[in-house]
Amino acid sequence: MAKTKTPQAVRGTQDIFGPDAERFNHVVETFDRVRKLYGFKPVILPVFEDTQVFSRSLGETTDVVSKEMYSFPDRGGDSLTLRPEFTAGIARAYLSNGWQQYAPLKLAAHGPLFRYERPQKGRYRQFHQIDAEILGAAEPQADVELLVMADQLLKELGIADGVTLTLNTLGDAASRDAWRAALVEHFRGAADSLSEDSRRRLEANPLRILDSKDPQDRPIADSAPGIDDYLTAEAQDFFGAVTAGLDAAGVAWTRNARLVRGLDYYRHTAFEFVTDRLGAQGTVLAGGRYDGLVESLGGPPTPGVGWAAGIERLAMLLPDRTYAPGLDAAIVPLDDQSIADAYRIARDLRGQWNSVELFATGKVKKRMARANDAGALIAVIIGESERAAGQVMVKDMATGEQALTDPADLGDIVAKAQNVRWLQSAGAAGLPDIDDEAWPDFDLPVDPDGN
Ligand code: ATP
Ligand code: MG
């Protein structure tokens, strides 16, 4: 009989497991903590939309729409697209549901996105983003708040060093049109040296040439005029308010007068947090203001500003440490008669918000070895003699010490062990010494008084 081939994941998709999965979750959890500090509300939206939601808002000539979308007719014949980004779907939901009534509305989302790209390190066909948007806020304070939040997120993740905020303004419509004309003139003069893709962009979307990753285009893009000479007074004021706000909030930034974003809808503020630690995939978080987007979907004029960051890229930058939550207690029943006690103790400890695993199968030696490998703070061992005494054996996994204990004391023992672990990790992280007296010692209750 022919052996069937082991199935493989689709090119450009990943099965994330082990430490990588812990890092991924750490990014999402940290984002979820930080967005609450700024009052951003969670929103959960469909993974696919009518194709038009993306083609109308991102622009037909953008790379995403022209070459990267996963579009397909469904069984009813409608053209659907797996979302390649969050903003268009969020703007669509804002209109569909009449969320104008909540404006200004601060939203946070995360989840999978799909783009048909050439897979490489840090670039996938299914990838994941965290995303933050403010809809219905025209003032530069919204841009500042989003950037301050992004800055804090990177600091909380421990990756702010080596990641730089580069900032630009694309001005208002008048500034952008004037700059566009100057860019077309500059690029026309050098058209022969541009890549084929960029020669095509020259007519349709000249700003995109600035963003080209083709080395052939870089010298011509880097010598292109910046936007400053074309900014209207209003656009200058807006940008001045954003940069003054960042300075006041202590967020470091650098100016790049040629920074543009890949999608058509950007106005005024555009920014990227970049690093040289990820090779060609150096942009970790990016966004800007998109005041024309909701209108392009058929809605009323609605200002908006937001950013998105690749979870995989952030996770790759995380400092090298374990992100797995430690196990508090390993419960090891030594015989079948002890399993009922093990279940009860596990339930009680978990009810007190401790992480607990049971090691109740295989040979006794194996059970202890697995409890050890799991990195538990304590093991709770229950066998015939413990049952007879109405007690359990507690083992301090760090020192190997053990003692017979009343099961009712287990919660306190775990709490003390957690304090010790916390103090040790705080010490290792170089935090200032903490007054030892303020903390109970982690001593097993071996003395006859039971203290
Ligand atoms: P790039 O210039 O790297 O192609 P982009 O400008 O297309 O990025 P955005 O659409 O702004 O990216 O998405 C925001 C963030 O999402 C990026 O900064 C990056 O961290 C992440 N990202 C974008 N595309 C991918 C992908 N194919 N795989 C992994 N992460 C991605
Ligand atoms: Mg891209």
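Just follow the structure's listing: the first ligand is 1, and inside any ligand the first atom is 1.
The option with the heavy atom closest to atom 3 (O) of ligand 1, from among Arg123, Gln281, Glu68, is Arg123.
Taking any N or O of Val284, backbone or side chain, at least one lies under 3.5 Å from an N or O belonging to ligand 1. Distances between N or O atoms of Tyr124 and those of ligand 1 include at least one value under 3.5 Å. Polar contact check, Arg115 against ligand 1: a nitrogen or oxygen pair lies under 3.5 Å apart. Considering backbone and side-chain N/O of Ala308, none are found under 3.5 Å from N/O of ligand 1.
Close contacts between ligand 1 and Lys213 involve ligand atoms 1 (P), 2 (O), 4 (O) [criterion: under 4.0 Å to a heavy atom]. Within ligand 1, the atoms closer than 4.0 Å to a non-hydrogen atom of Thr283 are 17 (C), 18 (O), 19 (C), 20 (O), numbered from 1 in the order shown.
Ion pairing between Asp228 and Arg258 fails under the 4.0 Å rule for side-chain N and carboxylate O.
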Show me the donor-acceptor pairs within less than 3.5 Å that the side chains of residues 316-324 make with the rest of the protein, sequence neighbours left out.
| from | atom 1 | to | atom 2 | distance (Å) |
| --- | --- | --- | --- | --- |
| Asp320 | OD1 | Arg23 | NH2 | 3.4 |
| Tyr323 | OH | Pro319 | O | 2.9 |

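Residue His268 is tested with Phe239, Tyr290, Phe238 for a ring-ring contact (aromatic ring centres under 6.0 Å, His included); the sole match is Phe238.
Within 6.0 Å of OH in Tyr102 there are 12 or fewer heavy atoms belonging to other residues, nucleotides or ligands. Other residues, nucleotides and ligands contribute at most 12 non-hydrogen atoms within 6.0 Å of the CD atom of Glu185.
Within the structure, ligand 1 has Gln129 among the residues with a heavy atom less than 4.0 angstrom away. The shell of residues lying under 4.0 angstrom from ligand 1, judged by heavy atoms, includes Arg261.
Among pairs with a residue in residues 181-202, none fulfils ring-ring contact (aromatic ring centres under 6.0 Å, His included), at least two apart in sequence or across chains.
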